Amino acid sequence: MDFSAVSSALKTIGELTQEVTSLWGVDEQVEGLASELRWMQSFLKVADARKVDNELIRTSVVEIRELAYDAEDVIEMFSLKVASKRKGGFSNCIKRSACFLKEGCLLHQIKSEIEKITARIKELTRQLKTYDVSKLGVDGEGPSSSTERRVSRRSYPHVMDDNIVGLDKDIKKLVPVLLNEQSECRVVSICGMGGLGKTTLAKKIYHESQVVGHFKHLAWAYVSQNCQERKVWEDILSDLNILSEADKKMKVEKLAEKLSSFLEKNKCLVILDDIWNTADWDNLKPAFSARETRSKILLTSRNKEIISHADKNGFLYEFKCLNNEQSWELFQKIAILPTNSPDYKIEAKMKELGEDMVKNCAGLPLAVIILGGILATKYPSLTEWLKVSANVKSYLNNDNGEVLRDVLALSYDDLPPYLRPCFLYLSYFPEDYEIPADRLIQLWVAEGIVSSKQEEGDEGQIAEDVAEGYLLELAERCMIQVRERDIATLKMSSFQMHDLMRDVCLSKAKQEKFLYIADQSTIGRVRRVSVHKFIRLQCIKSPRLRSLLLFDEFLPNEEQQNILPLKIGSYFDKHEDELFNPLVWFVGLLGISVLGTKFRGIWKYMFNNFNFLRVLDYERGGDAGCKLPNDIGKLIHLRFLRLRGLGFLCSKLPSSLGNLRCLQTLDLRIKSECSNSIHVPNLLWRMQQLRHLYLPQQCNRKTKLKLGTLKNLQTLVNFNTKNCYVKDLINMKNLRELEIRGPLNTEDFNTEELDKNPPIIQSKYLHSLSIINDEGRVDPRHLAHLLLSCENISKLSLDVEIRRLPEYHYLSSNLAYIKLRRCKLEEDPMPTLEKLPYLRMLELHDEAFIVQEMFCCGQAFAKLESLSLKGLNNLEEWKVGEEAMASLQRLEIQKCRQLKKLPDGLRFIATLQELKIESMPKTFKDKVEEGGEDFWKGRHVPSIIFQDC
């Protein structure tokens with residue numbers, strides 16, 4: 001049961017009574033409300049622990065959540081509109097006396113609202129007290145998840161693509177078909193029922209070295225049940241690195257023509273994942289109409305008919321279920337914790353029980369993985385496995401025989417209470433959407449999904465750390481699929497949901513009225529709305545709306561064209577090149593005026609009708625009118641505001657943003673049509689709850705921000721010393737990620753005696769530092785002083801001209817990832833970098849150094865796993881010692897056109913798994929290929945990939 005709403009309301013009440021010196025006028029009402037909510041919370045916890053499944057209790061949970069949200073809203077309104085103004089001081093007393101009547105009316109209204117909510121909760125409490133939950137249901141499993149077991153897995157949660165069995169023969173059959181240029185086959189289809197692992201097989205093929213080396217370009221697009229051809233084509237063009245801003249506004253027919261032309265001229269592999277029917281193929285076909293081409297298409301589908309419809313010479317590969325032996329092997333990989341003992345064997349009775357459960361999965365990999373994920377969180381004992389086995393049999397003992405659906409439902413019901421709202425929240429995101437972990441965690445915290453009880457746990461973790469643990473648990477249970485990891489910490493950076501797991505998520509969210517996925521119909525009283533495709537906001541008739549996530553553009557081009565009168569649109573299309581024609585200017589201005597009215601109408605409706613919004617997230621940006629309206633200051637409850645990518649004519653943000661004092665996450669990376677820079681008024685210092693701040697990429701010269709009051713800040717992006725004060729960084733003692741853009745100018749810096757300067761950073765939590773500057777050199781002394789105060793960083797990215805790398809003792813010994821770009825170092829950086837004991841990944845790009853020789857000697861770079869050399873235009877010779885880089889697994893050399901040969905020492909690196917050579921002279925490629933003079937240096941490398949050589 002989801003009682004996070006009750007917890008969140010109690011947290012708000014608790015904070016109010018701590019922060020506000022006087023609850024005069026509503027103290028009795030607030031205490032009575034809190035008392036009823038505490039009883040409700042206790043009741044739900046007992047009912048959940050005993051797994052009570054009663055219709056009244058089930059339906060009551062939804063009503064309880066609504067009442068808790070109402071309570072939280074009204075208490076917060078009191079805090080923001082009344083209590084915050086009850087401060088001492090003569091001037092404040094004068095101000096308050098002037099609006100005493102207004103405050104009295106507001107107080108009466110709030111008092112009345114609290115009494116109404118309390119009365120409704122009491123009535124619900126009276127009904128629920130007729131049920132003695134201690135005698136209902138069955139004893140729950142209790143805390144069967146072993147903390148010790150979770151911790152031992154925590155660093156490396158299960159990634160579905162890593163848990164693979166029985167795919168080798170499938171890969172061996174499919175790869176030759178794709179590489180065969182003599183065949184007339186242009187389309188290859190992997191077909192089979194949901195949950196078989198079609199996408200996993202396609203991904204393995206996509207990364208296969210033979211495939212990467214054969215095709216000049218590779219692209220991947222998710223089609224899904226809701227096929228949008230424009231999005232699919234844009235995704236492909238983006239993967240091919242040929243999608244421009246103009247393409248996003250191009251007519252869909254032109255977009256298809258551009259893609260088709262590129263595929264005809266270049267040898268590409270395009271993977272279309274999860275295409276549902278022949279009608280979807282017909283919609284996508286215009287972009288794949290080229291006849292004379294060496295490009296190929298690999299698609300995954302549940303429908304066998306698509307292949308014959310798409311290509312009469314196409315190749316159909318029907319994917320089979322796992323046999324019992326393969327199912328058991330896959331199950332063990334997930335459910336049984338790896339042990340250091342080579343002689344370890346699972347108990348005979350547990351093995352028998354496990355094999356019996358696995359047989360119920362009918363050879364479906366996803367079902368086996370989910371079942372394994374459930375057991376992975378239990379203590380590995382026969383007792384725990386027996387409990388799960390009983391549940392498996394009860395779920396699978398039905399007439400429908402829908403094995404996969406039942407296992408997925410079991411995985412949800414096995415979730416502990418604190419994970420259920422976290423899982424349901426994932427239904428916000430569109431099908432096949434790659435969800436950024438950081439953004440999701442910020443949303444969870446903003447919505448109160450992580451309650452104060454967890455935040456103040458034994459370890460004293462902040463909410464973001466607790467939320468990260470929850471996300472990791474979902475991965476351990478195999479309910480999400482990890483897609484990318486942070487290169488330094490190996491923490492999850494993005495993930496996806498299998499479409500069948502998402503179906504379960506959507507079904508449960510709908511059942512519990514957790515959120516509403518918008519369509520064109522009218523939306524009544526709901527708290528959360530997700531808009532996947534543009535709708536008129538006027539369709540949402542919910543004054544208590546709590547969060548709004550929009551995944552389409554603010555006003556897509558198609559909608560803009562529909563709004564403009566037909567004659568205006570057609571006239572402007574025909575005469576857009578006639579820049580000096582007054583009539584063209586008049587028609588253009590008329591069109592802008594019509595659109596401006598529409599933009600203002602959208603904003604006005606939002607600000608006048610959604611006053612209780614806590615989350616407002618624009619995903620795809622787009623044109624949003626003349627300026628951000630001043631009325632945004634009405635949304636005083638906002639915790640999360642993301643405006644990234646929205647385009648305005650005016651480059652100035654409104655001063656009313658200062659009213660949003662509850663904000664935790666603020667993303668101001670907007671665009672201006674009239675200027676490259678944005679003006680941000682100096683009011684962010686008021687938002688003292690801010691935890692994550694993303695400033696515009698470039699602020700104008702009038703902007704000067706004081707940020708010293710933001711002591712809770714964890715993320716600060718686009719900090720520019722021209723617009724901000726470096727000394728303010730000292731107060732940010734919780735800072736974890738810092739990105740500095742522009743010159744690194746430190747106020748009152750003592751260049752003579754560096755040790756006399758105060759430390760710039762005092763946060764012991766800072767793990768990531770990036771510096772980007774396009775405006776000339778950075779003084780290496782300023783940089784060295786900054787780095788000296790960053791003792792614990794594990795990621796460092798310098799995209800700036802410095803000429804000289806700071807000495808080793810200025811660098812954190814914890815560094816695991818370093819990227820140097822455009823640094824123009826005048827000395828070989830390797831003697832300094834090789835001393836870093838934990839460095840795993842090194843990228844030297846685009847004139848990172850300008851010397852001709854690079855040396856890696858002795859036992860240098862003992863833990864380095866990946867090395868990337870790109871655009872080092874002066875590098876001619878690279879020498880590697882016999883014992884250097886003993887752990888290297890991946891080496892990439894790209895556009896180093898003066899490099900004469902591979903280093904001799906490469907032959908000693910036995911761990912090297914992949915050597916990728918891209919955009920290098922043909923003479924270099926010839927040396928490395930079989931028969932070339934350098935072939936012997938890399939012959940031990942399993943995968944050597946050549947591209948554009």
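All values derive from a computational prediction rather than experimental measurement.
The backbone N or O of D904 sits less than 3.5 Å from a side-chain atom of R907, completing a donor-acceptor pair. Remark: side-chain polar atoms of D235 are not paired, donor with acceptor, to backbone N or O of S238 under 3.5 angstrom. Here the side chain of S675 pairs no donor or acceptor atom with the backbone of S672 at under 3.5 angstrom. Between the side chain of N723 and the backbone N or O of N720, no donor-acceptor pair lies under 3.5 Å. Using a distance-only test at 3.5 Å, with no hydrogens or angles considered, no donor-acceptor pair links the side chain of H767 to the main chain of T489. For the pair S768 (side chain) and E737 (backbone), a donor-acceptor distance under 3.5 Å is absent.
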Donor-acceptor contacts under 3.5 Å from residues 880-887 side chains, at least two apart:
from	atom 1	to	atom 2	distance (Å)
E883	OE1	Q859	NE2	3.0
S887	OG	A862	O	2.7

Side-chain donor-acceptor pairs of residues 828-850 under 3.5 Å, sequence neighbours excluded:
from	atom 1	to	atom 2	distance (Å)
D828	OD1	M830	N	3.0
D828	OD2	F855	N	2.9
R840	NH1	A488	O	3.3
R840	NH2	I487	O	3.0
R840	NH2	A488	O	2.8
E843	OE1	Y817	OH	3.1
H845	NE2	S868	OG	2.9
D846	OD2	R821	NE	2.9

Mind listing the side-chain donor-acceptor pairs of residues 942-949 below 3.5 Å, one per line with the distance, residues two or more places apart or on another chain?
from	atom 1	to	atom 2	distance (Å)
S943	OG	S209	OG	3.4
Q947	NE2	V212	O	3.3

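Salt-bridge formation is detected for the pair R736/D465: a Lys NZ or Arg NE/NH1/NH2 atom is positioned less than 4.0 Å from an Asp or Glu carboxylate oxygen. A salt bridge links D617 with R439: the closest approach of a Lys/Arg side-chain nitrogen to an acidic carboxylate oxygen falls below 4.0 angstrom. Ion pairing of K491 with E468 is present here, as a side-chain N (NZ or NE/NH1/NH2) and a carboxylate O approach within less than 4.0 Å. A salt bridge links K916 with E918: the closest approach of a Lys/Arg side-chain nitrogen to an acidic carboxylate oxygen falls below 4.0 angstrom. Comment: D799 engages R822 in a salt bridge, judged by a side-chain N to carboxylate O separation of less than 4.0 angstrom. For the pair E234 and R620, the salt-bridge criterion is met [side-chain N within less than 4.0 Å of a carboxylate O].
Contact between M854 and L869 at its shortest, heavy atoms only, is CE-CD1, 3.9 Å. For the residue pair V615 and A446, the shortest heavy atom distance occurs at CG2-CB, 4.1 Å.
Scored by the salt bridge (charged side-chain N to carboxylate O under 4.0 Å, His left out) test, K722 finds E775 as partners (sequence neighbours excluded). Partners of E929 according to the side-chain hydrogen bond (donor to acceptor under 3.5 Å, both in side chains) rule, which considers only residues two or more places apart in sequence or in another chain, do not exist here. Taking the salt bridge (charged side-chain N to carboxylate O under 4.0 Å, His left out) definition, one finds that D239 meets it with nothing, sequence neighbours left out. Applying the salt bridge (charged side-chain N to carboxylate O under 4.0 Å, His left out) test to E434 and every residue at least two apart in sequence or in another chain returns nothing. With sequence neighbours left out, R890 forms a salt bridge (charged side-chain N to carboxylate O under 4.0 Å, His left out) with E892, E914. With sequence neighbours excluded, the residues that form a side-chain hydrogen bond (donor to acceptor under 3.5 Å, both in side chains) with E801 are R803. For H217, the side-chain contact (heavy atoms from CB on, under 4.5 Å) partners at least two apart in sequence or on another chain are L240, F262, N266, C268. With sequence neighbours left out, the side-chain hydrogen bond (donor to acceptor under 3.5 Å, both in side chains) criterion links K901 to no other residue.
In this structure, I793 CD1 and S770 OG are separated by 9.0 Å, a value rounded to the nearest 0.5 Å. A distance of 8.0 Å separates CG in N873 from SG in C896, rounded to the nearest 0.5 Å. Considering SG of C699 and CG of N718, their distance stands at 8.0 Å, rounded to 0.5 Å. Atom CG of residue L707 and atom CG of residue D728 lie 5.5 Å apart, to the nearest 0.5 angstrom.
In this structure the side chain of L766 never reaches within 4.5 angstrom of the side chain of N792, judged on heavy atoms. Here the side chains of L744 and L786 are in contact, with some heavy-atom distance below 4.5 Å. Between T715 and L735 the shortest side-chain heavy-atom distance does not fall below 4.5 Å. Side chains of Y694 and L668 form no contact here, defined as non-hydrogen atoms less than 4.5 Å apart. Looking only at side-chain heavy atoms (C-beta outward), L787 and S812 stay at 4.5 Å or farther from each other. A 4.5 Å side-chain heavy-atom check between D934 and K937 finds at least one atom pair inside the cut-off. At a threshold of 4.5 Å between non-hydrogen side-chain atoms, the residues E245 and K248 count as touching. Side-chain contact between L628 and L643 is present, with heavy atoms from C-beta onward closer than 4.5 Å.
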Checklist entry - Run the salt bridge (Lys or Arg N to Asp or Glu O under 4.0 Å) check on E619 and R642 step by step: do they pass? => result CA-CA 8 Å; E619 162 71 12; R642 186 169 183 255; 3.3 Å; yes
Checklist entry - Should K795 and D486 be marked as a salt bridge (Lys or Arg N to Asp or Glu O under 4.0 Å) after you check the CA-CA gap, both sets of side-chain angles, and the distance that decides it? => result CA-CA 10 Å; K795 290 171 65 177; D486 183 277; 3.1 Å; yes
Item to check | Pair L825-L820, side-chain contact (heavy atoms from CB on, under 4.5 Å): steps then yes or no | outcome: CA-CA 10 Å; L825 299 175; L820 303 180; 4.1 Å; yes
Checklist entry - Stepwise, does the side-chain contact (heavy atoms from CB on, under 4.5 Å) test hold for D779 with L783? => result CA-CA 7 Å; D779 189 329; L783 177 61; over 6 Å; no
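Around the CD atom of E827, the shell of radius 6.0 Å holds no more than 12 heavy atoms that belong to other residues, nucleotides or ligands. Atom NZ of K870 has more than 12 heavy atoms from other residues, nucleotides or ligands within 6.0 Å. For Y765, the OH atom sits in a loose shell: 12 or fewer heavy atoms of surrounding residues, nucleotides or ligands are nearer than 6.0 Å. Within a 6.0 Å radius of NZ in K927, other residues, nucleotides and ligands contribute more than 12 heavy atoms. Counted within 6.0 Å of CG on N874, heavy atoms from surrounding residues, nucleotides or ligands total more than 12; the atom is thus considered enclosed. Enclosure of atom CZ in R897 by more than 12 non-hydrogen atoms of other residues, nucleotides or ligands within 6.0 angstrom is indicated.
Sorted by first and then second residue, the salt bridge (Lys or Arg N to Asp or Glu O under 4.0 Å) pairs involving residues 668-690 (not counting sequence neighbours) are D667-R669.
Ring pair Y206/W220 is perpendicular by interplanar angle, where above 60° counts as perpendicular and below 30° as parallel.
Using a 3.5 Å distance cut-off with no hydrogens or angles, the side chains of T703 and H679 do pair a donor with an acceptor. In this model, no donor atom of one side chain and acceptor atom of the other lie less than 3.5 Å apart for Q664 and Q442. Judged purely by distance below 3.5 Å, without hydrogens or angles, the side chains of D247 and S244 pair a donor atom with an acceptor atom.
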